[in-house]
Amino acid sequence: PYKIAVVDELRSLSFQNLDQLSNQLGHYLREKNIPSGSCIAICFPPSCEAIVSLFAILKNGCFYCPIDPAYPLARKKHILTDAKPSYI
C-alpha cells in the first residue's frame with residue numbers, strides 16, 4: 001500500500017493514497033446522485049488528480065470521456081457534442 005502508484009510533476013501518490021482519494025471523490029459523486037452507467041467528461045492535463053478522478057468514476061460504475069485541455073476549443077466542443085456526456 002505504501003509503494004508509489006502515480007507520479008506527476010508536482011507530487012506522487014502511494015497505492016493507499018490513490019485508493020483513499022478516489023474513494024473520497026467516489027462518495028462525493030454518489031452524494032450528487034450520479035447514477036451508475038453515466039458518462040462523465042473530464043478535462044485534465046496528465047496528473048495525479050486525473051488518475052484519482054478516473055478511478056473514482058470507474059469505482060462508481062460510470063465511464064469517462066477524456067478531453068485533452070490542450071485541444072482547440074472547436075475540438076473540445078465536437079467531442080462534447082458527439083459523446084453527449086451526462087456530466088462534465
**Message:** Any non-hydrogen side-chain atom of F63 less than 4.5 Å from a side-chain atom of I40?
**Reply:** no
**Request:** Can you establish whether the number of heavy atoms outside Q16 located under 6.0 Å from its atom CD is more than 12?
**Result:** yes
**Prompt:** Do Q24 and H27 come close enough that some side-chain heavy atom pair is under 4.5 Å?
**Reply:** no
**Asked** Can you tell me if N60 uses its side chain to pair, donor with acceptor, with the backbone of C62 under 3.5 Å?
**Response** no
**Prompt:** Distance from F44 atom CZ to I51 atom CD1, nearest 0.5 Å?
**Reply:** 10.5 Å
**Under 3.5 Å side-chain donor-acceptor pair for K59 and S22** = yes
**Asked** What distance separates F55 CZ from Y64 OH, expressed to the nearest 0.5 Å?
**Response** 9.0 Å
**Request:** With rounding to the nearest 0.5 Å, note down the distance linking OG in S36 to CG in L29.
**Result:** 11.5 Å
**Item:** Full working for side-chain contact (heavy atoms from CB on, under 4.5 Å) between I67 and I42
**Value:** CA-CA 6 Å; I67 302 172; I42 61 166; over 6 Å; no
**Prompt:** Tell me, do V6 and R11 make a side-chain contact under 4.5 Å, heavy atoms counted?
**Reply:** no
**Prompt:** Do Y87 and I34 touch side chain to side chain, with heavy atoms closer than 4.5 Å?
**Reply:** yes
**Request:** Ignoring hydrogens and angles, tell me if any N or O in the side chain of N23 forms a donor-acceptor pair with the backbone of D19 under 3.5 Å.
**Result:** yes
**Message:** Keeping K76 on the side-chain end and P69 on the backbone end, is there a donor-acceptor pair under 3.5 Å?
**Reply:** yes
**Message:** Starting from L25, can I reach I88 by hopping between I/L/V/M/F/W/Y residues whose side chains sit under 4.5 Å apart?
**Reply:** no
**Prompt:** Are side-chain heavy atoms of I79 and Y71 found at a separation under 4.5 Å?
**Reply:** yes
**Prompt:** K77 versus L80: any side-chain heavy-atom pair under 4.5 Å?
**Reply:** no
**Prompt:** Where do L13 and V52 come nearest, in terms of heavy atoms and distance?
**Reply:** CD1-CG2, 3.7 Å
**Pairwise side-chain contact, I4 with S12, heavy-atom cut-off 4.5 Å (strictly under)** = yes
**Prompt:** A50 and P45: which non-hydrogen atoms are nearest, and at how many Å?
**Reply:** CB-O, 3.8 Å
